[in-house]
Amino acid sequence: FPTRRSSDLVDILSLAQAEGNLALPFEWGGYCSWRLYPRIKISMDGRYETTFPESTFDLNFNFYEKHGPDWDRLIRDYQVDYIILELARTKLRPQDLISRGYVLIWPIGPDPGSDSALMALPKHADQLRRTAAALPPTTIDPLDASIPDNWWPR
């Protein structure tokens, strides 16, 4: 389960009412699907053995581990609007994506304690950065039973 600091990335996408496709590390899939579906489609989740073909798992793995000469095929061949990076667990870094046309959304400014990052295509950057700048200190308690009652901002 992502930490509070890491869940800020999902809060930003949710509060911005972002729509599109999200590449994410395997461990984030269930959480992001729970928080962001149906507006955001994810690249992978824990159901990969029953829902996703092995080639999809390989595509996602190769992307995050920068494995092989075609490691960036996920973002070359598919419309990926947003990317979550888990900096402590994968080899992929923001600079790898900046050189491929993505921009850093979060963390805002240098944050040596940040364990994750949110990248996006430039067309989404302004809205996401405004949302990130206005992010409240707390947003969602994942164990709150009233979440479905006020799921989306009205």
Side-chain angles (χ1 to χ4, degrees), residues 2-45 48 51-53 55-140 147 150-154:
T3 64
R4 168 66 191 134
R5 173 173 249 155
S6 297
S7 69
D8 288 344
L9 309 179
V10 180
D11 291 339
I12 292 165
L13 292 168
S14 178
L15 292 169
Q17 296 187 27
E19 295 183 0
N21 297 316
L22 171 65
L24 44 70
F26 174 79
E27 297 82 9
W28 283 68
Y31 180 72
C32 289
S33 181
W34 171 67
R35 290 285 311 279
L36 301 171
Y37 182 83
R39 287 190 171 110
I40 301 240
K41 309 299 188 285
I42 60 169
S43 63
M44 178 63 52
D45 71 23
Y48 77 95
T51 305
F52 299 94
S55 59
T56 301
F57 178 82
D58 292 341
L59 186 67
N60 206 68
F61 175 83
N62 291 342
F63 178 65
Y64 278 97
E65 293 306 313
K66 293 178 58 179
H67 180 71
D70 236 10
W71 69 266
D72 63 346
R73 185 173 156 233
L74 178 66
I75 58 174
R76 283 187 294 109
D77 291 358
Y78 300 94
Q79 174 67 41
V80 176
D81 298 282
Y82 316 101
I83 300 169
I84 288 179
L85 300 176
E86 185 71 36
L87 301 172
R89 295 185 185 176
T90 62
K91 293 181 181 176
L92 191 61
R93 293 291 177 260
Q95 55 271 27
D96 298 319
L97 299 169
I98 289 169
S99 67
R100 285 161 176 80
Y102 289 83
V103 295
L104 182 64
I105 305 300
W106 186 266
I108 300 172
D111 183 357
S114 183
D115 58 355
S116 53
L118 176 62
M119 309 288 295
L121 291 174
K123 67 182 180 180
H124 304 294
D126 288 342
Q127 173 65 25
L128 293 175
R129 286 182 174 148
R130 280 193 303 274
T131 302
L135 196 64
T138 60
T139 54
I140 189 171
I147 289 171
N150 43 18
W151 190 256
W152 299 110
R154 297 185 205 292

For Met44 and Trp28, what are the C-alpha separation, side-chain angles and deciding distance, and is it a side chain to side chain contact (heavy atoms under 4.5 Å, CB included)?
CA-CA 8 Å; Met44 178 63 52; Trp28 283 68; over 6 Å; no
Measuring only between side-chain heavy atoms, which start at C-beta, is Arg76 closer than 4.5 Å to Asp70?
yes
Gln79 versus Leu121: any side-chain heavy-atom pair under 4.5 Å?
yes
Separation of Cys32 SG from Leu9 CG (nearest 0.5 Å):
8.5 Å
Can a salt bridge be assigned to the pair Asp115 and Arg89 using a cut-off of 4.0 Å between side-chain N and carboxylate O?
no
Side chain to side chain contact (heavy atoms under 4.5 Å, CB included) evaluation trace for Ile83 with Ile75:
CA-CA 10 Å; Ile83 300 169; Ile75 58 174; 3.9 Å; yes
Output yes when a side-chain donor or acceptor of Arg129 lies under 3.5 Å from a complementary backbone atom of Leu104, and no otherwise.
yes
Rounded to the nearest 0.5 angstrom, the CG-CZ distance for Asp72 and Phe63 is 8.0 Å
Between Val80 and Ser43, does a side chain to side chain contact (heavy atoms under 4.5 Å, CB included) hold up when you go through it step by step?
CA-CA 9 Å; Val80 176; Ser43 63; over 6 Å; no
d(Ile12 CD1, His124 NE2) to nearest 0.5 Å is 14.5 Å
Smallest separation among heavy atoms of Tyr78 and Leu59, with atom names:
CE1-CD2, 3.6 Å
Which heavy-atom pair separates Gly30 from Asp45 by the least distance, and what is that distance?
N-CB, 3.7 Å
Has the side chain of Ser14 got a donor or acceptor atom that lies under 3.5 Å from a matching backbone atom of Val10?
no
Please report the shortest heavy-atom distance between Ile98 and Met119, naming the atom on each side.
CG1-CE, 3.8 Å
Kindly say whether Leu24 contributes a backbone atom to a donor-acceptor pair with the side chain of Asn60 at under 3.5 angstrom?
yes
Please lay out, stage by stage, how Leu128 and Trp106 fare under the test side chain to side chain contact (heavy atoms under 4.5 Å, CB included).
CA-CA 9 Å; Leu128 293 175; Trp106 186 266; over 6 Å; no
Do Leu92 and Leu97 come close enough that some side-chain heavy atom pair is under 4.5 Å?
yes
To the closest 0.5 Å, what do you measure between CG (Asp11) and CG (Leu118)?
11.0 Å
State whether the side chain of Asp81 and the backbone N or O of Asn21 hold a donor-acceptor pair below 3.5 Å, judged by distance alone.
yes
Of all heavy-atom pairs between Pro94 and Ala117, which one has the smallest distance, and what is that distance?
CG-CB, 4.4 Å
Supply the atom-to-atom distance Glu65 CD to Asp58 CG, rounded to the nearest 0.5 angstrom.
12.5 Å
Phe26 side, atom CZ; Glu86 side, atom CD - distance, nearest 0.5 Å:
13.5 Å
Examine distances only and state if a side-chain atom of Lys41 and a backbone atom of Pro38 form a donor-acceptor pair shorter than 3.5 Å.
yes
Do Tyr82 side-chain atoms and Glu19 backbone N/O form a donor-acceptor pair below 3.5 Å?
yes
Can a salt bridge be assigned to the pair Lys91 and Asp96 using a cut-off of 4.0 Å between side-chain N and carboxylate O?
no
